[in-house]
Protein chains: 4
Amino acid sequence: MSGRGARRREPRQERSRAMVERIVAAGRDVLVTRGYDGASTNRIAAAAGVSPGSLYQYFPDKDAVLTEVLDRYLDAMEARVSRAFLDSVAAAGPGAGTAPAVRATLEALLDTFGEEPDLLRVIVEQLPRSPGGRRAAFAGRIDDLVTTVLLTRGAGDTDAARAAAWTVVRTVEHLTTGFVLERPGFARAVVVDELTALVAGYLDARLSGGRVASDGPS
Amino acid sequence: MSGRGARRREPRQERSRAMVERIVAAGRDVLVTRGYDGASTNRIAAAAGVSPGSLYQYFPDKDAVLTEVLDRYLDAMEARVSRAFLDSVAAAGPGAGTAPAVRATLEALLDTFGEEPDLLRVIVEQLPRSPGGRRAAFAGRIDDLVTTVLLTRGAGDTDAARAAAWTVVRTVEHLTTGFVLERPGFARAVVVDELTALVAGYLDARLSGGRVASDGPS
Amino acid sequence: MSGRGARRREPRQERSRAMVERIVAAGRDVLVTRGYDGASTNRIAAAAGVSPGSLYQYFPDKDAVLTEVLDRYLDAMEARVSRAFLDSVAAAGPGAGTAPAVRATLEALLDTFGEEPDLLRVIVEQLPRSPGGRRAAFAGRIDDLVTTVLLTRGAGDTDAARAAAWTVVRTVEHLTTGFVLERPGFARAVVVDELTALVAGYLDARLSGGRVASDGPS
Amino acid sequence: MSGRGARRREPRQERSRAMVERIVAAGRDVLVTRGYDGASTNRIAAAAGVSPGSLYQYFPDKDAVLTEVLDRYLDAMEARVSRAFLDSVAAAGPGAGTAPAVRATLEALLDTFGEEPDLLRVIVEQLPRSPGGRRAAFAGRIDDLVTTVLLTRGAGDTDAARAAAWTVVRTVEHLTTGFVLERPGFARAVVVDELTALVAGYLDARLSGGRVASDGPS
DNA sequence: AATGAATGAGCGTTCATTCAT
DNA sequence: GATGAATGAACGCTCATTCAT
């Protein structure tokens, strides 16, 4: 995961595609069962029923395999999160506060993260993050999505919306995954309530009257 | 970084203490310059101007060196964060909202995290986190601190205070480090404003009237 | 040499088999030239003209290489010793005393041990013996062989035959190897005579009249 | 144990002598409890309550310590074995066969070897023997002793006596230690009987009529 | 004499990667 | 393409030995 941006070659044949699939699936399994340190190329190739040499036919190096595993997880996440967010926004309608949409989004997120906690854990706890890497890109796209919605909901200028989006996206991402992985001593309903209060309160203030900070900005 | 709690021996002599210092400093440097994977014992020893054998007179294994580097960083953090938080609370006084205290704490946090961004980066991005490890313990102690203050400020029952503390601590931790490491396209003052709005709004609602969620709890 | 029974993988190809041969041969050479302590994996690999990694494709650990060297020596020994013993017994015929058979066996043994005295020396002098290890097993099988022959020759009960076999096997093994390794100041013919007298006298007494000890047993 | 003949310096002072004692005692203990591979200089020094540097004040290298441990064991053995042998010879008187003396010697030997089986085991199974080393010298001195007695009992020429002594000494040594360490499935009394028959039969033939080998010498 | 901190060559082993088949 | 044997640099760590104090 040394952020060199190594990508796999595009397979041209059906056979090749199947091989890539097996390798990625094996990479995922080995990653989950043996951890990042145990995810050696030889082990992944063996788990895929493929020779080490073949692995290198499709992936330039070890990181590329794990990057692909991560990419797929992140792509699936992004699709579900985007959809859940947009559905929630649509369902809540324009009139009310943001709380219903936030709450619905949170529920969807917790459902999603809870589905593969083992993979989530190894990604969050063991996979090195590269500064300009996939996770940053992922978050950046969610930022854009939320920014757009905020702007349509009457947030002030673009910069303010971006800042607000950056803030809530990271907050929600970190606390939902944190809840799933830490399993702190309170119920899921509690986190949902708290996070809804936290985020909806913030967004409502941001959207209605613009600047709020009663103690004056710095 | 296997949280088995391996600790270095207590040095008995000034000479020994100096050696430990050199090794820890070298560990820090190598960690920053070569990353977690590049932080081999031989490299750390060489950077410290010391033989590999000497390293093992003071540290039982490789993890112990990096754990010590992390511990020192975390201990310093905890001291500064705790102090900044308590000072901010005291300075703001009981009457006003929480915004001034939150803002002051955030400023202190950003100052602190901004001092060694390279080390912060490698810690956040590359060091494996173990579930019961030092970083969890660190966060747990900050949770306790904030919980206590919330209770003295009129939060409801202990459980509610704990949930609120868990929420704001993770939010503030993640967003302040995120700002320092991501360098998103807006100014520090903006994050401070946004985070102050986010957190103070949440806490004020939590402290004044108890449950707030206007859309009804789940 | 930790008798955990680690065995090498079965080579699948001719190429592989050749590699195993080279490694085992190199292990033998290094063992003989540098001694047990000098028989490091890297040295063996280098002597075999092979990388350390290759060694570990065929042997699970260091001990497995040396165990294989020892096994081959012992297997060859056992085959030759068994054959020589049985041939000698057959050639001597049932009527006469045991002396001719004993003498022929001794000659064969001294021939055999004298062929690779360097390897014999390092095995006897430097290789750790584990109580339940290969050497014990080797001796045990020879014990069985001799026991069987003694029983067919009219030894008393099984227990007596086992004790007699145990006695003569160890005696012969130790004195023949001792002669080869110590090179005491007398000729090979002398040892053969003395050992023949020692063993044949004992066996003849045991086989003819049963208990002999004229001073009375304890 | 590389047979380079390294010896410790002679201590000149009482203090020094005490230190040597502690080191040797610690060497013995560590050897027995941790085996040959576990008997590192640092461990021995620590067990002796002495610094590694001090150990090297009295012993030129690691082997010298273990050699000293072995020497003391061997010296004690030699004293006891010699005495037992000579006492047995004297007690049996000149008239009878050799059986009573052999039997008494065997009993004494088994008593002696049985006293510290742990140390005996590690010496026999793990300590490298050097060709011209202490154990050879030990056996050589016993050879001389037995040779002398055989000559006084009417053995033929010196060479014949030496060969007979060499033969019986190795036989008795190997089988008595073998019985103690192997614990084969029969009683001590059985080994005593068998060995007595083996050795006494041989010696009686050698002493009475000279050459015996009925099948003709080679 | 005595200490014990310091050394550094060397150990057994792994694994990302290559390349002859 | 696909294989899998082969590579070799590097790893974490040990320990006999030295030497400044």
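Naming convention: chains lettered A, B, ... in sequence-line order (proteins, then strands); numbering from 1 in each chain.
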**Tyr56(D) vs dT3(E): side-chain N/O to OP1/OP2 distance below 4.0 Å** = no

**Asked** Using a cut-off of less than 4.0 Å, is there contact between a side-chain N or O of Ser51(D) and OP1 or OP2 of dG4(E)?
**Response** no

**Asked** Out of dA16(E), dG4(E), dC13(F), which nucleotide sits closest to the side chain of Pro52(D)?
**Response** dG4(E)

**Message:** Using whole Å, what does the distance between atom C1' of nucleotide dC15(F) and atom CG of Asp61(D) come to?
**Reply:** 14 Å

**Prompt:** Is it true that a side-chain atom of Arg129(C) and a backbone atom of Leu127(C) form a donor plus acceptor pair closer than 3.5 Å?
**Reply:** yes

**Asked** What's the spacing between Leu70(C) CG and Arg134(C) CZ if we round to 0.5 Å?
**Response** 7.5 Å

**Message:** Does the structure show a Watson-Crick or G-U wobble partner for dG10(E), both distances under 3.5 Å? Name it, or say none.
**Reply:** dC13(F)

**Asked** So among Arg72(C), Arg121(C), Arg28(C), which one has a salt bridge (charged side-chain N to carboxylate O under 4.0 Å, His left out) with Glu116(C)?
**Response** Arg28(C)

**Item:** Base dA1(E) to side chain Gln57(D), donor-acceptor N/O within 3.5 Å cut-off
**Value:** no

**Prompt:** Can you tell me how far C1' of dA6(E) sits from CZ of Phe59(B), to the nearest Å?
**Reply:** 15 Å

**Request:** Give a yes or no on this: more than 12 heavy atoms of other residues, nucleotides or ligands lie within 6.0 Å of atom CZ of Arg34(D).
**Result:** no

**Prompt:** Starting at the 5' end of DNA chain E and moving along, which residue's nearest nucleotide shows up first, Leu55(B) or Asp37(C)?
**Reply:** Leu55(B)

**Request:** Quick one: look up who dA1(E) pairs with, Watson-Crick or G-U, both distances under 3.5 Å, and put none if it's unpaired.
**Result:** none

**Message:** Once hydrogens and angles are ignored, does a donor-acceptor distance under 3.5 Å link the base of dC13(F) to the side chain of Asn42(B)?
**Reply:** yes

**Request:** Between dC15(E), dA2(E), dA5(F), spot the one nearest the side chain of Ser40(A), thanks.
**Result:** dC15(E)

**Prompt:** How many Å lie between CG on Asp63(C) and P on dC11(E), as a whole number?
**Reply:** 15 Å

**Asked** When you match Ser54(B) and Thr41(C) each to their closest nucleotide on DNA chain E, which lands nearer the 5' end?
**Response** Ser54(B)

**Message:** For dA20(E), give the paired nucleotide (Watson-Crick: N1-N3 plus N6-O4 or O6-N4; G-U: N1-O2 and O6-N3; both under 3.5 Å), or none.
**Reply:** dT3(F)

**Request:** Return the value, rounded to whole Å, for the distance between atom CZ of Arg17(D) and atom P of dA2(E).
**Result:** 14 Å

**Asked** Taking CD1 from Ile44(B) and P from dC13(F), how many angstroms apart are they, rounded to a whole number?
**Response** 11 Å

**Item:** Length of the line joining Lys62(C):NZ and dT14(E):P, which is rounded to integer Å
**Value:** 15 Å

**Prompt:** Taking the nucleotide of DNA chain F with the closest heavy atom to each, which residue, Gly49(C) or Arg43(D), is nearer the 5' end?
**Reply:** Gly49(C)

**Asked** Would one find more than 12 heavy atoms of other residues, nucleotides or ligands at under 6.0 Å from atom CZ of Arg22(D)?
**Response** yes

**Request:** Figure out the CD1/C1' separation between Ile23(C) and dA6(F), and round it to whole Å.
**Result:** 11 Å

